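Only a predicted model underlies this, so the values are computations on that prediction, with no experimental measurement involved. Numbers here are sequence positions counted from 1.
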Amino acid sequence: MAIFAGDVLFGSFTMALVDPSANNYKKGKLYTYSLKLSQAGSYSYQFVACDVKGVPAIGEPIKKRIGPIVSTIPVLSWLGTAGYESDGVSPDDGTKDTVFTFKVKYTNMFPPAANLPRVIITSTGGEVIEAKMSGTGTDYAKGVEFNYATKLSGKGIYSYSSRSENTIGMMATGTPVQIMSGPRVKMPPGTITTLVATNPATSSVKLTWTAPGDDGSIGTATQYDIRYATVTITDANWNNAVRCVNTPAPGITGIGQSFVVTGLQPYTRYYFAMKTRDEVPNWSGLSNVAVGMTILPVITITQVIPPNGSVSFTTLPSENRIRCTADIKPDSLDAGYNNQIEWEIDDDPRDSNPSGNPNDIQRGNDVQLQITMPPVPADTDGRGFPLSYRIVASVVINNATYTSVATYTTQDEMDQIRQEYIDMNKTTKPARTAFVNAQTYVNPGHFVFNAINWSVNPATGSRYNWAIFTIGQHLENIRAAIGNQIMSVNSGYRSPIRQLQVNPTAPESRHIYGDAVDIGLRDWDGNGNTDELDYWIMRRAAEAKGAT
């Protein structure tokens with residue numbers, strides 16, 4: 001027997017008689033030969049025989065026949081490259097929009113049979129995809145890469161396996177023929193469409209929204225990414241927006257959630273947007289864009305006392321304080337900034353009369369404080385005008401200073417009169433309670449307020465509306481003593497400056513304390529003359545009533 005490997009003689013072998021004891025060649029004898037073919041490939045063979053006389057045999061077996069074909073078992077294996085080190089799919093996780101690529105290496109001396117290798121992909125829901133894998137190489141002995149790429153529309157963890165055989169019908173072995181777990185297909189969280197910006201403050205805005213699902217509208221997502229910018233947010237500029245920290249964890253689907261974005265600039269328009277991710281992570285689409293504008297802080301002086309009824313305001317140490325109160329809006333700033341208010345007080349710039357510039361006030365505590373006014377040196381001529389000051393409150397918020405509208409405070413007319421006593425260093429400095437006006441003065445009968453009030457306001461040139469009267473009833477008593485004859489008051493109460501104008505030699509005249517008047521002399525005895533006798537009549541009547 002002759003065996004050929006291709007066209008090359010592999011070897012000649014003598015066949016052995018199967019039954020050597022039989023001698024009947026006319027009935028036919030069986031011969032056999034067995035051997036292993038160590039070299040893979042396609043072989044051919046033919047038989048050669050002759051009788052003892054050298055006559056060659058004839059028949060079909062002497063013709064050259066094809067066969068056998070010697071082959072190794074085909075093998076499927078993983079590529080061992082990035083993403084395919086120990087399995088045959090990449091990526092391992094994705095969504096219904098992800099393209100998953102399955103890869104396997106086929107190794108054998110013979111190419112795979114038609115439409116092979118194939119990959120079989122099965123979903124947990126029962127979906128089955130079986131597809132032919134494609135390869136471009138031809139050196140199968142070294143291994144050729146085959147692949148198949150597809151999107152997977154189901155949800156959950158898929159499984160897959162590969163199968164192949166070579167062109168001579170030998171089935172491939174290897175790990176890829178086993179069922180493998182993967183890939184995992186997951187839907188991204190739902191896209192938020194309910195984002196709203198509310199409760200704007202000077203440096204913060206509150207965001208509210210409805211929680212989406214982990215898979216579309218189902219389940220609980222893993223994380224929020226909330227961002228803001230001063231321009232509208234799009235997918236293109238998402239990475240440029242400022243990312244918020246300490247955001248809340250997603251709630252279960254449909255629950256209302258909120259988050260306060262802090263650290264914003266006052267009076268600025270901001271745009272807010274967010275995305276949601278699951279544990280894969282898959283990210284949702286960009287939410288609707290919410291718009292909010294922070295508030296400009298406003299500080300307002302709400303109270304300045306005095307002037308305020310009975311409250312005194314002069315340069316006396318016990319009366320040289322002004323109480324100021326301010327309010328900061330919005331109210332959310334109160335806790336952090338009420339005690340940070342700075343106060344400034346200075347001479348009223350609208351008034352040409354100098355009241356002096358007090359020292360600036362220290363930082364307030366709970367926006368209420370007592371402002372100490374500077375003492376004013378004694379003025380022998382009296383200043384002749386009311387003290388007037390300008391007051392401003394300010395506060396620094398986020399490195400920006402906010403200032404109130406100026407408030408002005410001026411001595412009222414009563415304290416302006418009283419300031420004359422202080423400036424001119426009078427022995428007695430009457431309290432506010434010592435003064436009356438036309439409404440509070442009690443007329444004893446015939447002596448009206450303006451009959452006794454002879455003060456003059458230097459600032460206006462008219463009489464003060466306030467005066468000290470302790471003599472009205474005395475005058476009524478004297479008038480009765482002289483027979484209720486008309487008594488004309490030529491001069492009554494004088495403020496200190498008016499007294500200086502009338503009689504500078506008597507700066508402590510009783511006129512400035514309201515218990516002295518000048519009465520015009522009349523013909524009390526009716527003799528037709530105004531003489532010394534009339535003076536004595538008047539004097540005795542006054543002394544009889546306790547006058548001096």
Of all heavy-atom pairs linking Ala326 and Trp343, the shortest is CB-CH2, 3.7 Å
Has the side chain of Ser204 got a donor or acceptor atom that lies under 3.5 Å from a matching backbone atom of Val260? no
Can you tell if the side chain of Phe313 reaches within under 4.5 Å of the side chain of Asp412, non-hydrogen atoms only? no
If you measure from CD on Gln265 to CG on Asn399, what distance do you get to the nearest 0.5 Å? 8.0 Å
Which atoms form the tightest heavy-atom contact between Val289 and Ala273, and what is the distance? CG2-CB, 4.4 Å
Side chain to side chain, Met424 and Ile497, heavy atoms closer than 4.5 Å: yes
Should Gln411 and Ser355 be marked as a side-chain contact (heavy atoms from CB on, under 4.5 Å) after you check the CA-CA gap, both sets of side-chain angles, and the distance that decides it? CA-CA 11 Å; Gln411 278 181 325; Ser355 298; over 6 Å; no
Between Tyr464 and Glu413, does the side-chain contact (heavy atoms from CB on, under 4.5 Å) criterion hold? Intermediate values first, please. CA-CA 7 Å; Tyr464 280 116; Glu413 192 177 60; 3.4 Å; yes
Looking only at side-chain N and O atoms, does Asn477 offer a donor or acceptor that is under 3.5 Å from a partner on Gln473? yes
Evaluate side-chain contact (heavy atoms from CB on, under 4.5 Å) for Leu207 paired with Met274, printing each intermediate quantity in order. CA-CA 10 Å; Leu207 301 178; Met274 59 191 300; 5.9 Å; no
Verify the ring-centre separation between Tyr224 and Trp209: is it less than 6.0 angstrom? yes
Where do Val396 and Tyr337 come nearest, in terms of heavy atoms and distance? O-CE2, 3.4 Å
Determine yes or no for a side-chain-to-main-chain donor-acceptor pair under 3.5 angstrom, with Thr268 supplying the side chain and Pro266 the backbone. yes
Within this structure, what is the CD-CD1 distance for the pair Gln257 and Ile252, rounded to the nearest 0.5 Å? 9.5 Å
Do Asp225 and Arg243 touch side chain to side chain, with heavy atoms closer than 4.5 Å? yes
Between the OH atom in Tyr513 and the CD atom in Gln499, the distance rounded to the nearest 0.5 Å is 10.0 Å
Main-chain N/O of Tyr267 paired to Thr294 side chain as donor or acceptor, under 3.5 Å: yes
Without swapping roles, check the side chain of Ser90 against the backbone of Tyr84 for a donor-acceptor pair under 3.5 Å. no
Got Ser181 and Ile157 here, is their nearest side-chain heavy-atom distance under 4.5 Å? yes
Provide the closest heavy-atom pair for Leu333 versus Thr202 in the form atom of the first, atom of the second, distance. CD2-OG1, 3.4 Å
Sequence neighbours left out, what pairs pass salt bridge (Lys or Arg N to Asp or Glu O under 4.0 Å) with at least one residue falling in residues 274-294? Lys186-Glu279, Asp235-Lys275
Are the side chain of Thr253 and the backbone N or O of Gly219 linked by a donor-acceptor pair below 3.5 Å? yes
Is a side-chain N or O of His511 found less than 3.5 angstrom from the main chain of Tyr493, in a donor-acceptor match? no
Within a strict 4.5 Å, meaning less than it, do heavy atoms of the Arg227 and Asn240 side chains meet? no
Under a 4.5 Å cut-off applied to non-hydrogen side-chain atoms, are Arg522 and Gln485 in contact? no
Please tell me if the side chains of Ile233 and Trp238 come closer than 4.5 Å, counting only heavy atoms from C-beta onward. yes
Side-chain heavy atoms of Ile345 within contact of Thr409, under 4.5 Å: no
Got a sec, which pairs hit ring-ring contact (aromatic ring centres under 6.0 Å, His included) with one end in residues 404-446, sequence neighbours left out? Tyr441-Phe469
Can Tyr270 and Val205 be said to form a side-chain contact (heavy atoms from CB on, under 4.5 Å), step by step? CA-CA 9 Å; Tyr270 285 96; Val205 170; 5.6 Å; no
Please identify each residue that fulfils side-chain contact (heavy atoms from CB on, under 4.5 Å) with Glu319, with sequence neighbours left out. Ser312, Thr314, Leu316, Arg418
Got a donor-acceptor contact below 3.5 angstrom from the Thr124 side chain to the Gly156 backbone? no
Approximate separation, where rounding is to 0.5 Å, of Leu195 CG and Ser287 OG: 5.0 Å
Nearest heavy-atom approach of Ile299 to Thr403 is CG2-C, 3.6 Å
On a heavy-atom basis, the closest approach of Trp454 and Val489 is CZ2-O, 3.2 Å
For the backbone of Gly83 and the side chain of Glu85, can you confirm whether one donor and one acceptor N or O come within less than 3.5 Å of each other? yes
Between Asn288 and Thr194, is there a donor-acceptor pair closer than 3.5 Å when you use the side chain of the first and the backbone of the second? yes
Rounded to the nearest 0.5 angstrom, the CH2-CZ distance for Trp466 and Arg432 is 7.0 Å
With no hydrogens and no angle check, is any side-chain donor or acceptor of Arg494 less than 3.5 Å from a backbone partner on Val502? no
More than 12 foreign heavy atoms under 6.0 Å from NZ of Lys426: is that the case here? yes
Once you round to the nearest 0.5 Å, how far does CG of Leu387 lie from CG of Asp423? 7.5 Å
